[in-house]
Amino acid sequence: MLTQAPRGTKDVLPAESYRWQYLETKMRRSAALAGYREVRTPVFEHTELFARGVGDTTDIVQKEMYTFKDKGDRSITLKPEGTAGAARCFLEHNLYADALPSKMYYLDAPIFRYEAPQSGRLREHHQFGCECFGAKEATTDAELILLAFHLLKDLGISNLSVNINSIGCPKCRPLYHQALKEFLADRFDGLCPTCRERFERNPLRVLDCKEKQCRELTKDAPSMLNMLCGDCAEHFEQLQECLRSADIPFAVDARIVRGLDYYTKTVFELITRTKDGDLTVCGGGRYDHLVEQLGGPDMPAVGFGMGLERVLMLLDAEGIEIPSPGWYDAFVTYMGDNRIQAFRLTEALRKEGIRCDMDHCGRSLKAQFKYANKTGAPVTATIGDEEAAAGTVRLKRMSTGEEQTVPAGRAAETIRTMLA
RNA sequence: GUGGGUAUAGCGUAGUUGGUUAACGCGCCAGAUUGUGGCUCUGGAGAGCGUGGGUUCGAGUCCCACUACUCACCCCA
């Protein structure tokens, strides 16, 4: 269908775009408070970037990317996540040669994943994300978690839980993998069919299974947290210390496993409880080896991504109203042959910074007022023959109906006082 | 990718066991004596019933396929 947006995409209509703008404003402010500055990277990148960065065994890379050949026979992919592009940008422009850490955020960045759309899940969605390159201390991980937490809190979202975990580093994780596999191998026959498949591909995922039988079997499974190397253990301990000092509620959830290969040490999720179950609004973690893996220097980094559509969805679910800026400050109505006078008044008001409009459909005065009322304009400015002859304008406060006549030259000024 | 549900004007719905020009609410437009909104009243425009086949004298109502939307699984923001 020509008149239908592609599956999994959504239009943001003029009547609701202010909600997005509201979020954007809040997000920019939060980021700026912690020293994050905006970065804008392309919507598409070389496919290779994601294959190497995100990991070519991940679901995202294996089956969810929008990949195509451009006319120069290059394999191009629409961003399936935000971090890889930021890392590439950081590297390409040698930002590591500047003062570190290098902190950046992206906003409203379109993210594409070919998945079956459903509640809270689109093929094109938008993220706000923060990335910090060049800092290895857990204070960074903590500041990012706090940034996301306070932002959501500030927006009015309750039921927020912060879950953290550490998935170790290339030094200790293989050991854990092995231990877990050995543990699972002994119980393989008792696992559900999906978990038997997961056993090879991603054994960590088995710990997250919802099947009763699997939960029982994995109750005493070894925990990554007990097998962290000294460095990772200390880092994780420091992170918790930071979070405790910030006095925010958080839980260590050893089952958090992120679907992207680049994560090391810290991984975290901000989850909210809705009537239809839990919804992750924000996810992130540390990726100390991504930059190096892309051919850059050894460079620790942390970041998170937050789905705007999901945030908006939660605000709806909780009945949180976003203040509307309104449409017009004033509406110009006119009678008879005073169209040009009305046009000039409208333009004059706009020059004074008053958001206004006039009738463009040749409607009757009555209809013009109806329209003004519908748009929610708080003030109307009317020009009829009398006003035109006297060089005045008739102003009306729509909420009370009170009217006054003022010289045309003072219209803007008077309207401003009426709005105050 | 797999399974379930749905598909009638801009939106939300009604359409009895298949039978004349498809109904209602909201919204939209226009009026209710001369220069004015929000309430009320009146009138009007707007769909041929997701698409394509089939059954039938006749289908929005039955059958098939396709598509879209939606929910769940998987995975994720």
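Proteins come first, then strands; the chains are lettered A, B, ... in the order of their sequence lines, and each starts at number 1. The structure presented is a predicted model; accordingly, all values stated were derived computationally and were not measured.
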Determine the interatomic distance between [atom1] on [N] and the same-named atom on [M]; round to the nearest Å.
{"N": "A32(B)", "M": "G50(B)", "atom1": "C1'", "answer": "41 Å"}
{"N": "A23(B)", "M": "G44(B)", "atom1": "P", "answer": "12 Å"}
{"N": "U2(B)", "M": "C66(B)", "atom1": "P", "answer": "11 Å"}
{"N": "U21(B)", "M": "G60(B)", "atom1": "P", "answer": "10 Å"}
{"N": "A45(B)", "M": "C57(B)", "atom1": "C1'", "answer": "35 Å"}
{"N": "G19(B)", "M": "C24(B)", "atom1": "C1'", "answer": "22 Å"}
{"N": "A22(B)", "M": "U8(B)", "atom1": "C1'", "answer": "9 Å"}
{"N": "G54(B)", "M": "C11(B)", "atom1": "P", "answer": "30 Å"}

Phosphate OP1/OP2 of G37(B): any K366(A) side-chain N/O under 4.0 Å: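 The answer is yes; a side-chain N or O of K366(A) sits under 4.0 Å from OP1 or OP2.
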Side-chain N or O of Q118(A) closer than 4.0 Å to phosphate OP1/OP2 of A72(B):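 For A72(B), OP1/OP2 do have a side-chain N/O of Q118(A) under 4.0 Å.
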Apply the test side-chain hydrogen bond (donor to acceptor under 3.5 Å, both in side chains) to residues T382(A) and T333(A): give CA-CA distance (whole Å), side-chain angles for both, the deciding distance (0.1 Å), then the verdict. CA-CA 5 Å; T382(A) 306; T333(A) 59; 2.7 Å; yes
So what does [X] hit on the nucleic acid, given a heavy-atom distance under 4.0 Å: a base, only sugar-phosphate, or nothing?
{"X": "G8(A)", "result": "sugar-phosphate"}
{"X": "M398(A)", "result": "base"}
{"X": "G120(A)", "result": "base"}
{"X": "E403(A)", "result": "base"}
{"X": "E387(A)", "result": "base"}
{"X": "S399(A)", "result": "base"}
{"X": "K396(A)", "result": "base"}
{"X": "R394(A)", "result": "base"}
{"X": "L308(A)", "result": "nothing"}
{"X": "G401(A)", "result": "base"}
{"X": "E309(A)", "result": "nothing"}
{"X": "E81(A)", "result": "nothing"}

Would you say the base of [N] and the side-chain of [X] have a donor-acceptor pair closer than 3.5 Å?
{"X": "R121(A)", "N": "A77(B)", "result": "no"}
{"X": "N373(A)", "N": "G37(B)", "result": "yes"}
{"X": "R310(A)", "N": "C76(B)", "result": "yes"}

Which one, [options], comes nearest to the side chain of [X]?
{"X": "R363(A)", "options": "A30(B), C28(B), U70(B)", "answer": "A30(B)"}
{"X": "E386(A)", "options": "C75(B), A77(B), G35(B)", "answer": "G35(B)"}
{"X": "T280(A)", "options": "C76(B), G1(B), C75(B)", "answer": "C76(B)"}
{"X": "S364(A)", "options": "A68(B), C75(B), G31(B)", "answer": "G31(B)"}
{"X": "T382(A)", "options": "G37(B), C75(B), G35(B)", "answer": "G35(B)"}

Would you say the side chains of Y105(A) and R28(A) form a donor-acceptor pair under 3.5 Å?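 Short answer, yes.
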Classify the side-chain pair T392(A)/T405(A) by whether it contains a donor and acceptor separated by less than 3.5 Å.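 The criterion, which ignores hydrogens and geometry beyond distance, is not satisfied for T405(A) and T392(A).
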Quick one: [X] [atom1] to [N] [atom2], roughly how many Å, whole number?
{"X": "L260(A)", "N": "C76(B)", "atom1": "CG", "atom2": "C1'", "answer": "9 Å"}
{"X": "F369(A)", "N": "A32(B)", "atom1": "CZ", "atom2": "P", "answer": "16 Å"}
{"X": "K63(A)", "N": "U2(B)", "atom1": "NZ", "atom2": "P", "answer": "12 Å"}
{"X": "K374(A)", "N": "G27(B)", "atom1": "NZ", "atom2": "C1'", "answer": "9 Å"}
{"X": "K10(A)", "N": "A68(B)", "atom1": "NZ", "atom2": "C1'", "answer": "13 Å"}
{"X": "D278(A)", "N": "C73(B)", "atom1": "CG", "atom2": "P", "answer": "12 Å"}
{"X": "Y371(A)", "N": "G27(B)", "atom1": "OH", "atom2": "C1'", "answer": "15 Å"}
{"X": "I60(A)", "N": "C74(B)", "atom1": "CD1", "atom2": "P", "answer": "16 Å"}

Pairing residues for R37(A) by the side-chain hydrogen bond (donor to acceptor under 3.5 Å, both in side chains) criterion, not counting sequence neighbours: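 R37(A): no side-chain hydrogen bond (donor to acceptor under 3.5 Å, both in side chains) contacts found.
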Any strand: nucleotide that pairs with C41(B) via Watson-Crick or wobble, under 3.5 Å: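 Base-paired to G31(B).
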Close side-chain approach of K265(A) to D141(A), heavy-atom, < 4.5 Å: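 Of all side-chain heavy-atom pairs linking D141(A) with K265(A), none is under 4.5 Å.
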Starting at the 5' end of RNA chain B and moving along, which residue's nearest nucleotide shows up first, E402(A) or A367(A)?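 Upstream on the strand: A367(A).
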Using the glycosidic torsion, which applies to G48(B): syn (within 90° of 0) or anti (everything else)?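 Because its glycosidic torsion lies within 90° of 0, G48(B) adopts the syn conformation.
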Check the pair T400(A) / E402(A) against side-chain hydrogen bond (donor to acceptor under 3.5 Å, both in side chains), numbers first and verdict last. CA-CA 6 Å; T400(A) 60; E402(A) 57 181 309; 3.1 Å; yes
Between D316(A) and R19(A), does any side-chain N to carboxylate O distance fall below 4.0 Å?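 A salt bridge links D316(A) with R19(A).
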Carboxylate-amine/guanidinium contact D329(A) R416(A), below 4.0 Å: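 Judged by the 4.0 Å cut-off on N to carboxylate O distance, D329(A) and R416(A) do not form a salt bridge.
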Working for side-chain hydrogen bond (donor to acceptor under 3.5 Å, both in side chains), residues Y287(A) and E131(A): CA-CA 10 Å; Y287(A) 47 98; E131(A) 312 286 352; 2.4 Å; yes
